[in-house]
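Heads up: the structure comes next, in structure tokens.
Residues: numbered from 1 along the sequence shown.
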Amino acid sequence: MLKQAQKLKQTQTLSPQQIQFIKLLQVPTIELDKRIQEELMENPVLEEGKEGEKEEADFGNDDGTKEETDNVDDFDIDDVPDIDPIDEVNIDDYVTNDDIAGYKMYGDGDVAEDKELPIPMMDTLSDTLLSQLSFLNLDTVEQQIGEQLIGSIEADGYIRRPLEAIVNDLAFLQNVETDLNQVEKVLAMIQHFDPPGIGARSLQECLEIQLRRKDTDNPTVKIAIKMIVLCFEEFKKKHYTKIQKRLAIDDEQMKDAIEMITHLNPKPGGTNMMVASAQFLTPDFIVKEINGRINISLNGKNAPDLRVSRQYGDMLDAFDKTPKKTKKMREEVRFVKQKLDAAKWFIDAIKQRQDTLLRTMNAIIDYQMPFFLSGDEGKLKPMILKDIAEIIQMDISTVSRVASSKVVETDFGIYPLKYFFSESISTESGEDVSSKQVKSVLKEMIDKEDKRKPLSDDKLEKLLRVKGYNIARRTVAKYREQMNIPVARMRKEL
């Protein structure tokens, strides 16, 4: 039997301003300028400020003073006039006798100059390969096959799409009739291109391609090729004894062949200096120690000059003074009013973004002051998102967005903000230390181990306990994996 019942449920919805702020907050510095340019293109009312104009945007405050910046939790859509029917538009909400000027927010000191390093002009990996393809004497079908294969090569240099699927792609998408043998023939040509190993379908094939481009009369090269072709599974697992028995080689031959293989490039596409994705890291903050005091400033890219165009304010002013208002004039003013609201929201969101970034960075510096004064990783204290959220009185999700996407330049190097967050580990003495400190000790142990008998996770756990760090073996394994350090068996050397 169906029954009807009423339930009260409280839900929280985000205002348009909050959504805009959240989106802008997580945009990295290198992309912020692009986002601003997009907004400038979409909204004719918004424009970049010029030197010599006011720094605070005046949106119709009676006293001409700058509006206060609210926290995102208090960002209320009621702060912005509703888009009413045109007859009810209050022009005074949008036009004042003062110029409507720009807005620029500064840190505790002068805003640092732009810290973005230039990205050099470069060709993509595909451009490089297509250029090499053009030097081959291929017929029309082979050229199309080559272009399809190059288009299927991923960023690391591998082709992972099955060749049968590429045959189908050529037939259905380009109306090119071919077969697997012809595609494999063209792929073999591409696998002779630079960088060596390009176009491989697996790591095994990638290594083999590179080895066969060496002097194949060299005994070490011959052994290395056999090792990859015949004993690849044993090679991956470092079962050297099995390899020696199967290939009938001694320790010295084994060592020379392994050294040759380990100097090959497992990702031929990823290290190509002409890959278009190569970028320079752009810091969001610049933190400097000056006479024992920490100075923090935003990268100049985070502090753009934006203002509302005076021209459109004059348009509304003229409309207000016009005794006879036509339908076309009303429609134009409605459009301008909507764009004025959007411009105000955007400038407020940029302003709030800057305020949140500075508050978060200041809280992190206060919390981790010993590190920022010394650069000593051992002085980093355990710190979680909640710690900073409580200090700046914002939601944890807001701090998370800042920490996960922002970078700081210090006197000791450039660090992602998330670097300063770590869990707490208890020592024998009851003191809480950062997991980064434990990782540092763990890495030092592994660096100093006898590579012929590398330390297992169990052994590492025991050694850490001797030093006073109470962590479980699974935690040792987790930290080791986070530092991209392989298991003991894979660290073994001859």
Side-chain angles (χ1 to χ4, degrees), residues 11-25 27 32-50 53-105 304-355:
T11 59
Q12 183 178 9
T13 57
L14 295 176
S15 69
Q17 296 99 318
Q18 287 175 305
I19 295 172
Q20 191 166 49
F21 164 71
I22 289 170
K23 288 181 178 179
L24 284 173
L25 185 62
V27 171
L32 180 62
D33 185 61
K34 179 182 176 182
R35 175 67 186 88
I36 291 172
Q37 293 306 315
E38 289 174 353
E39 192 71 20
L40 289 168
M41 290 289 292
E42 293 175 5
N43 191 345
V45 173
L46 185 69
E47 62 184 28
E48 294 181 277
K50 308 294 189 298
E53 294 183 336
K54 295 181 183 178
E55 291 182 348
E56 288 84 13
D58 184 349
F59 293 103
N61 295 330
D62 293 336
D63 58 2
T65 59
K66 180 171 69 72
E67 294 181 353
E68 294 295 326
T69 303
D70 298 327
N71 291 340
V72 65
D73 297 328
D74 302 324
F75 212 13
D76 191 350
I77 194 169
D78 293 333
D79 293 338
V80 181
D82 294 332
I83 300 177
D84 301 321
I86 195 68
D87 293 331
E88 299 178 21
V89 171
N90 182 358
I91 302 299
D92 291 336
D93 287 338
Y94 296 90
V95 182
T96 67
N97 293 327
D98 297 328
D99 286 342
I100 301 176
Y103 165 76
K104 190 176 182 76
M105 178 175 176
D305 281 314
L306 295 174
R307 67 182 178 88
V308 173
S309 172
R310 177 71 246 183
Q311 173 186 352
Y312 291 91
D314 291 341
M315 181 185 296
L316 289 183
D317 196 17
F319 173 82
D320 189 41
K321 295 175 182 178
T322 302
K324 186 176 180 180
K325 301 175 174 61
T326 66
K327 181 179 179 181
K328 182 179 179 182
M329 290 173 62
R330 293 173 185 274
E331 291 175 350
E332 289 175 350
V333 169
R334 184 187 299 278
F335 171 80
V336 171
K337 181 179 184 296
Q338 291 172 340
K339 292 300 181 181
L340 281 166
D341 286 336
K344 177 185 185 300
W345 290 353
F346 188 78
I347 292 174
D348 282 349
I350 290 287
K351 176 182 177 181
Q352 193 169 353
R353 177 186 188 273
Q354 296 170 223
D355 177 67

- Message: Ignoring hydrogens, what is the shortest heavy-atom contact between R307 and E48? Give both atom names and the distance.
- Response: NE-O, 3.9 Å

- Item | Q352 CD to I22 CD1 distance, which is reported to the nearest 0.5 Å | 9.5 Å

- Message: What I want to find out is whether D355 reaches K351 closely enough, with some N-O distance under 4.0 Å, to be called a salt bridge.
- Response: no

- Message: Applying side-chain contact (heavy atoms from CB on, under 4.5 Å), can you list everything that pairs with E42, at least two apart in sequence or on another chain?
- Response: E39

- Can you tell me how far the CD atom of E38 sits from the CG atom of D33, to the nearest 0.5 Å? 10.0 Å

- Kindly indicate whether the side chain of K23, heavy atoms from C-beta on, has any atom under 4.5 Å from the side chain of R353. no

- Message: If you define the side chain from C-beta out and look only at heavy atoms, does anything of V308 sit under 4.5 Å from I347?
- Response: yes

- Heavy-atom closest contact (L46 atom, L40 atom, distance): O-CD2, 3.4 Å

- Query: Does some side-chain heavy atom of F346 sit less than 4.5 Å from a side-chain heavy atom of N43?
  - Reply: no

- Task: Determine the minimum heavy-atom distance between P44 and S309, stating which atoms define it.
- Result: O-CB, 4.3 Å

- In Å and rounded to the nearest 0.5 Å, what is the CG to CZ distance from L340 to F335? 10.0 Å

